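One structure below.
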Number of protein chains: 2
Amino acid sequence: MEFNEAKNKFIQNWGILGSSWGINRTMAQIHALLLISPNVLSTEDIMDELKISRGNANMNIRALMDWGIVTKEYKVGERRDFFNADKDIWAVARLIIKERSKREIEPVLKVLSEVKKAEGNTEEIETFKTVVSDLESFTSSLNGVVEKFVKSDEHWFYKNLLKMVK
Amino acid sequence: MEFNEAKNKFIQNWGILGSSWGINRTMAQIHALLLISPNVLSTEDIMDELKISRGNANMNIRALMDWGIVTKEYKVGERRDFFNADKDIWAVARLIIKERSKREIEPVLKVLSEVKKAEGNTEEIETFKTVVSDLESFTSSLNGVVEKFVKSDEHWFYKNLLKMVK
DNA sequence: AAAAACTTTCATTAATTATTGAAAATTCAG
DNA sequence: CTGAATTTTCAATAATTAATGAAAGTTTTT
């Protein structure tokens, strides 16, 4: 396969994956582009490569920086900003999981702990409470694994993977 | 908290969570409603409770059945279909993970194995190949855990959780 | 076989989310 | 301070995705 074909295919598919994960397509594509670039890129470079507007580029680069997976770099004698993506896949995975957990798991736990205070003891209410409490215990377990993962390194993960599989 | 308030809050929030996971809001809400219903519900019941149209209800119920987390039930002497959601949270989690893995992890692995055949050995191409190969190994590890989880039971999960945390 | 009860489809419409691009703001060199 | 380079904002527009509801399709009953 010719390199440019491979590159485009990779960027496109990273975009598709992003959208099915609630991350917008352009944001995922910029990330993909930066991931495979040996050198840092300016906003213009990104606009040209992905054929997107300045505003779109700017907003999504910022979102990536908020997530902590892209950093701003300075070049001496250059006024423009350049951007770089962390190429350590484990570090990226940790940051993404951390961010999603903060946005998704934590609010769910909050809602579950609120709604489980529902008053009454009809069958309907009992069923409700059981489901909510099961969800709560599942979600906290998940949260436990996630927190552990976020603080871990690649080695920790593989060691545990091995334990799990055998 | 009054039961109806808790119930609505739960359904609404399940919907929000769904949308940030690429699952449409109504589908997640129908699932939430069925989860907390001690008895099976008809399409009309669902339409009334969630104030949605027949078409919308029908399409999303079908999607839930495709995912395997909702089943059709028959009542003697009743012509209408009734629906029920599996209340075992672990079973639900397994089905959801299985479905998402099929839709997301597998296609990614396919694309990665295709694009890693990129030809050439410039710095750009070398960087590309390294990133792709790192992603591939990460993704297969993930896939390994997921497959294990999908075949597992609650007990297996907790046992391993314990191993990981200590 | 016709009517009634119910389910499914799908073109239209609505709602949501993403993108553009020009204008405003900021930064920096001289 | 002034002006050029660059970044950021945001109202307008476009693209995408979801929801409606009436019509078509099924299945069951009489």
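In what follows, every chain begins at residue 1, and chains take the letters A, B, ... in the order their sequences are listed. Below, each value reflects all heavy atoms present in this structure, side chains not excepted, and no hydrogens, waters or symmetry copies. Quantities reported herein were computed from a predicted structural model and do not represent experimental measurements.
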What is the distance, rounded to the nearest whole Å, between atom CG of D81(B) and atom P of dA5(C)? 16 Å
Could you state the CD1-P distance from I52(A) to dT20(C), rounded to the nearest angstrom? 7 Å
Given dT19(C), dT9(C), dT7(C), identify the nucleotide with an atom nearest to the side chain of R54(B). dT7(C)
On the 0 to 90° scale, with breaks at 30° and 60°, tag the F149(B)-W90(B) ring pair as parallel, tilted or perpendicular. tilted
Output the rounded distance in Å from CG (N58(A)) to P (dA22(C)). 16 Å
Round to a whole Å and report the spacing from CD1 of I46(A) to C1' of dT19(C). 16 Å
Just the rounded figure in Å: distance from P of dT17(C) to CD1 of I16(B). 11 Å
Rounded distance (Å) that lies between atom P of dA18(C) and atom CD1 of I23(A): 11 Å
Does any N or O donor sit under 3.5 Å from an N or O acceptor when you compare the side chain of R79(B) with the base of dA4(C)? yes
Toward the 5' end of DNA chain D, which comes first, N56(A) or R25(A), by nearest nucleotide? N56(A)
Check the pair F83(A), T43(A) against side chain to side chain contact (heavy atoms under 4.5 Å, CB included), reporting the backbone distance first and the verdict last. CA-CA 8 Å; F83(A) 303 95; T43(A) 303; 3.5 Å; yes
Can any side-chain N or O of D45(A) pair as donor or acceptor with the backbone N or O of S42(A) at less than 3.5 Å? yes
Along DNA chain D, first and last positions that approach a heavy atom of chain A under 4.0 Å: dA4(D) to dC10(D)
Would you say the side chain of T127(A) lies within less than 4.5 Å of the side chain of K87(B), judging by non-hydrogen atoms? yes
